[in-house]
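Read the structure below first, then the notes.
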Amino acid sequence: MKTIFEKDKSLHSKPLYKGDIGFCERKSPLNLPDMSELEVMRHFKELSDRNFCIEKGFYPLGSCTMKYNPRVNEQVSRFDGFINLHPLQDDTDCQGALEIMYDLSRMLKIITGMHTVTLQPCAGAHGEFCAMGVVKKYFLHNGENDRKKVIIPDNAHGTNPMSAKMNGFECIEVKSDERGGVDIEELENIINEHGCTIAAIMMTNPNTLGLYDENILKISDMLHKNGSLLYYDGANLNAVMGHTNPALMGFDIVHLNLHKTFSTPHGAGGPGAGPVGVVEKLKDFLPVPQIEFDGEKYFRNYDKPLSIGKVSAFYGNFSVLVRAYTYILMLSKNLKDVSSDAVLCANYIKEKLKKHYKLPYDKPCMHEFVLSGDLQKEKGVNTLEIAKRLMDSNCHPPTVYFPLIVHEAMMIEPTESESKEVLDSFIDTMIEIAREVEQDASKFKQYPLNTPVLRADETLAARHLNIKYEFND
């Protein structure tokens, strides 16, 4: 295929013609359907109607916090003054945007107890990566080059090990105890064995089991006495904000998922924002630029010689920051009620379902809890088949098979958004599924029955991935 310019030099000054695409000439016309605007709109409306969304039904989606995003957040994030800003505009031309980000950083400092916050990371895992980069730079600056190991509990989020490894750390796993928290005896053995080579521990509290670690102050004391840092994965902040914060638990550095805790739609993996907050001794290592205020104007400060550098081309996902800013302003001190209601909803469902499913850790949970489908598996129905059965109700399946330390795991997180009627409907559906398993387990080989795409073969799809659609001639 020759380029247009190679074929006809005169086209340098001519527009491209029908049948051309980019700067190449096609051998045949594009085989696109000939449809009216009305037909196109109906096509996409039909596709939209097939999608499940928070406006259509319940998401008990543990680990992803698919809670309702108030429409006012959307309206504010779409103000002309926001959506028409260019990220490279001079600071004098975007004082309003800089003020919002500066104030949001101050809000997040209060919520987390940290000294300084950067909004630059564009996702949760990106925030993890940034945070561990700060940890690495801190020890290198102090001449402690041997601190190359990071302790990660087996109940941590799955991205933690990779965030550590991408910064050159070696990961050491510490097991959970019978209460679902870090095994203190094993942790002590690890510290004694590896000593001053340990840079940090990466934890979330509550952890992925939805359980608050009762020994967190003892853990932070053990690590600090070893000269190590404590990193807080803030993905589960929805359970504790307003009641406690990472600083009170003894953490030195934290990332937050603004898209989860502070309500930005997060379906299909984006958009996101992963701000990182640090205690005072780590503030100089945060990425540049830092947004500051000199009493007269807001500006982006690049003069940070100890910084790890930029971690994003611009300064984060601005629309997500605006949504979080709006959400926090609306709720103010009532953010505490968000966590209270989320914890109440999770415990309500847990108590109703524990007679029908195995509950590995029968104790008060926080914003989420983990059931096991082992009882149903013994009858011939695995957790994935329970999830497919749920797809035939007005409910999205929860996260399944995670955390890995629970067999046939179902992680359920109702959030604070739902009414008691919705929770009761989900509970009734889960109880009915348990009864169906007892009565006729063979039925579960056919579900789902009412979805646009029926029962899929996951093994075949994984081995023969086909994401290409070809139009028929």
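Below, all heavy atoms of this structure are taken into account, side chains as well, without hydrogens, waters or symmetry copies.
The aromatic rings of His255 and Tyr231 sit parallel to each other, their planes meeting at less than 30°, with 60° as the upper class boundary. Using the six-membered ring where Trp is involved, His396 and Phe52 have ring planes that are tilted, between 30° and 60° apart. Between His157 and Phe402, the ring-plane angle classifies as parallel under the 30° and 60° cut-offs. The aromatic rings of His126 and Phe129 sit parallel, their planes meeting at an angle under 30°, below the 60° perpendicular limit.
Under a 4.0 Å N-O distance rule, the pair Lys377/Glu408 qualifies as a salt bridge. Ionic pairing of Arg389 and Glu432 is not present here: no N-O contact between side-chain nitrogen and carboxylate oxygen is shorter than 4.0 angstrom. A salt bridge between Arg106 and Asp103 is present, with a side-chain N of the basic residue lying under 4.0 Å from a carboxylate O of the acidic one. Between Lys260 and Glu413 there is no salt bridge, since none of the side-chain N atoms of the basic residue sits less than 4.0 Å from a carboxylate O of the acidic one.
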Does Lys358 form a salt bridge (charged side-chain N to carboxylate O under 4.0 Å, His left out) with Glu378? I'd like the steps, not just the answer.
CA-CA 12 Å; Lys358 182 178 178 181; Glu378 292 173 1; over 6 Å; no
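Remark: the Glu368 side chain and the Asn238 side chain contain no N/O donor-acceptor pair separated by less than 3.5 Å.
Side-chain contact check for Ile427 versus Tyr348: some heavy-atom pair is nearer than 4.5 Å. Side-chain atoms of Val322 and Arg78, non-hydrogen and from C-beta on, never get closer than 4.5 Å to each other.
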